[in-house]
Amino acid sequence: MSQPTVTIVDYGMCNLLNVVRAFEHCGAEVSVTEDPKDVATASRLVVPGVGAFSDSMKEVKARGFADALKAFSQTGKPMFGICVGMQILFDASEEFGEHAGLSILPGRVQAVPSMTKEGRSQRVPHIGWNHLVEPEDGRSWGGTLLEPMVGAQPAVYFVHSFFAVPDVNSDRLADCLYGGHRICAAVQRENLMATQFHPERSGEIGLAMIQRFLLI
């Protein structure tokens, strides 16, 4: 069986080292690119991201990646967004004002609630380990990025103050509960997958997700 190849996009707002190491650990041949022209020829594409939505979108546009990412999302080849790399796939974010995203998936990015459902204050950003649960519509994880987690509520690692709210319920793959609020933790629409949490920092569970991505 040939070694799976992965192209990781570097638009200047990424924690690349841990992401590269995780994919290499899972057996992928990894290339990191700063050139939008490389996106079209990728067999699998990973879009990581850290920091603010507006700063990330500014760099994505300035470096010529916006159109390349939109075009790749229509190819049917696997694409994986991580953290802010997930958020920028959506229409817009309210972080530090109103900012347009790539509109690959319909929905908005909004703030993690600073109060629990019981009215107590809670820490924002949401940092640390939290369990994934199936969304309220009961979407099954079978055949998805989370197939290795079927029947479990795996714990994964989050660091974020904002999260995406998909307009289409069927795009929503997994949630976590924070202060009683449902936070969208992962989405998947056909070839397009993304996680708000960091699989590269989520131990064996995260590596199992990466290995699953490499088989798609």
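Note: Leu69 CG to Ile88 CD1 = 6.5 Å, rounded to the nearest 0.5 Å. Going from atom CZ of Phe53 over to atom CE of Met13 covers 11.5 Å, rounded to the nearest 0.5 Å. Here OG1 of Thr116 is found 12.5 Å from CG of Leu177. Values are rounded to the nearest 0.5 Å. Here CG of Asp10 is found 11.5 Å from CG of Asp35. Values are rounded to the nearest 0.5 Å. Rounding to the nearest 0.5 Å places CG of Leu207 at 16.0 Å from CZ of Arg212. Note: Lys77 NZ to Thr7 OG1 = 8.5 Å, rounded to the nearest 0.5 Å.
Taking each heavy atom of Ser161 and Pro125 in turn, the nearest pair found is OG-CB, 3.2 Å. In terms of heavy-atom proximity, Cys26 sits nearest to Ile210 at SG-CG2, 3.7 Å. Summarising the geometry of Ala164 relative to Cys184, their closest heavy-atom pair is O-CB, 3.2 Å, with the distance given to 0.1 Å. Of all heavy-atom pairs between Ala185 and Cys176, the closest is CB-N, 4.1 Å. Across all non-hydrogen atoms, the minimal contact from Leu173 to Pro135 is O-CD, 3.2 Å. Here the closest non-hydrogen pair linking Pro166 and Arg172 is CD-NH1, 3.9 Å.
Leu17 is listed as a side-chain neighbour of Arg21, based on a closest heavy-atom distance under 4.5 Å. Proximity of Phe72 to Pro36: side-chain heavy atoms (C-beta onward) are nowhere separated by under 4.5 Å. A heavy-atom distance below 4.5 Å is found between the side chains of Pro78 and Met193. Residues Asn191 and Ile216 fail the side-chain proximity criterion, which asks for heavy atoms closer than 4.5 Å. Val39 places a side-chain heavy atom less than 4.5 Å from the side chain of Leu45. Annotation: side chain of Arg139 is in contact with side chain of Thr144 (closest heavy-atom distance under 4.5 Å). Residues Tyr11 and Ser56 have side chains in contact (heavy-atom distance under 4.5 Å, counting atoms from C-beta outward).
No more than 12 heavy-atom neighbours from other residues, nucleotides or ligands sit within 6.0 angstrom of CD on Glu204. By the neighbour-count criterion of 12 heavy atoms within 6.0 Å, atom NZ of Lys117 is sparsely surrounded, having that number or fewer from other residues, nucleotides or ligands. At most 12 non-hydrogen atoms from other residues, nucleotides or ligands lie less than 6.0 angstrom from CD of Glu190.
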If you apply the rule side-chain contact (heavy atoms from CB on, under 4.5 Å), what do you find for Met149 with Trp141, and how did you get there?
CA-CA 7 Å; Met149 282 81 236; Trp141 291 346; 3.8 Å; yes
List the steps, then state whether side-chain contact (heavy atoms from CB on, under 4.5 Å) holds for Met57 with Ser93.
CA-CA 10 Å; Met57 278 303 304; Ser93 172; over 6 Å; no
When you look at Ile127 and Tyr157, which way does the side-chain contact (heavy atoms from CB on, under 4.5 Å) test go after all the steps?
CA-CA 8 Å; Ile127 300 176; Tyr157 192 81; 3.7 Å; yes
Does the side-chain contact (heavy atoms from CB on, under 4.5 Å) test come out yes or no for Ile82 and Phe197, once each step is laid out?
CA-CA 7 Å; Ile82 298 174; Phe197 58 89; over 6 Å; no
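Checking each of Gln196, Arg201, Glu200 against His198 for a side-chain hydrogen bond (donor to acceptor under 3.5 Å, both in side chains) leaves exactly one that passes, namely Glu200.
Leu105 and Val9 fall within a single hydrophobic cluster, where Ile, Leu, Val, Met, Phe, Trp and Tyr are joined by side-chain heavy atoms under 4.5 Å apart, directly or via other members. There is a path of hydrophobic side-chain contacts, each under 4.5 Å, that joins Phe65 to Met86. Note on Val187 and Ile104: same hydrophobic cluster, where clusters join Ile, Leu, Val, Met, Phe, Trp and Tyr whose side-chain heavy atoms are under 4.5 Å apart, directly or indirectly. Both Met209 and Ile8 are assigned to one and the same hydrophobic cluster, defined by single-linkage of ILVMFWY side chains at heavy-atom distances under 4.5 Å. Residues Val32 and Val47 do not share a hydrophobic cluster, defined by chaining ILVMFWY side chains whose heavy atoms lie under 4.5 Å apart.
In this structure, the side chain of Arg44 engages the main chain of Leu214 through a donor-acceptor pair within 3.5 Å. A donor-acceptor contact shorter than 3.5 Å is absent between the side chain of Gln188 and the backbone of Asp171. Under a 3.5 Å cut-off, the side chain of Tyr178 and the backbone N or O of Gln122 do not form any donor-acceptor pair.
Aromatic ring orientation, Phe213 versus Phe80: tilted (interplanar angle from 30° to 60°).
Between the side chains of Thr5 and Ser43, a donor-acceptor pair is found at a separation under 3.5 Å.
In this structure, the salt bridge (Lys or Arg N to Asp or Glu O under 4.0 Å) partners of Glu136, at least two apart in sequence or on a different chain, are Arg182. Not a single side chain to side chain donor-acceptor pair (under 3.5 Å) links Ser202 to another residue, sequence neighbours left out. Residues satisfying the ring pair (Phe, Tyr, Trp, His ring centres under 6.0 Å) test with His160, not counting sequence neighbours, are His126, Phe158.
Under a 4.0 Å N-O distance rule, the pair Arg108/Glu98 qualifies as a salt bridge.
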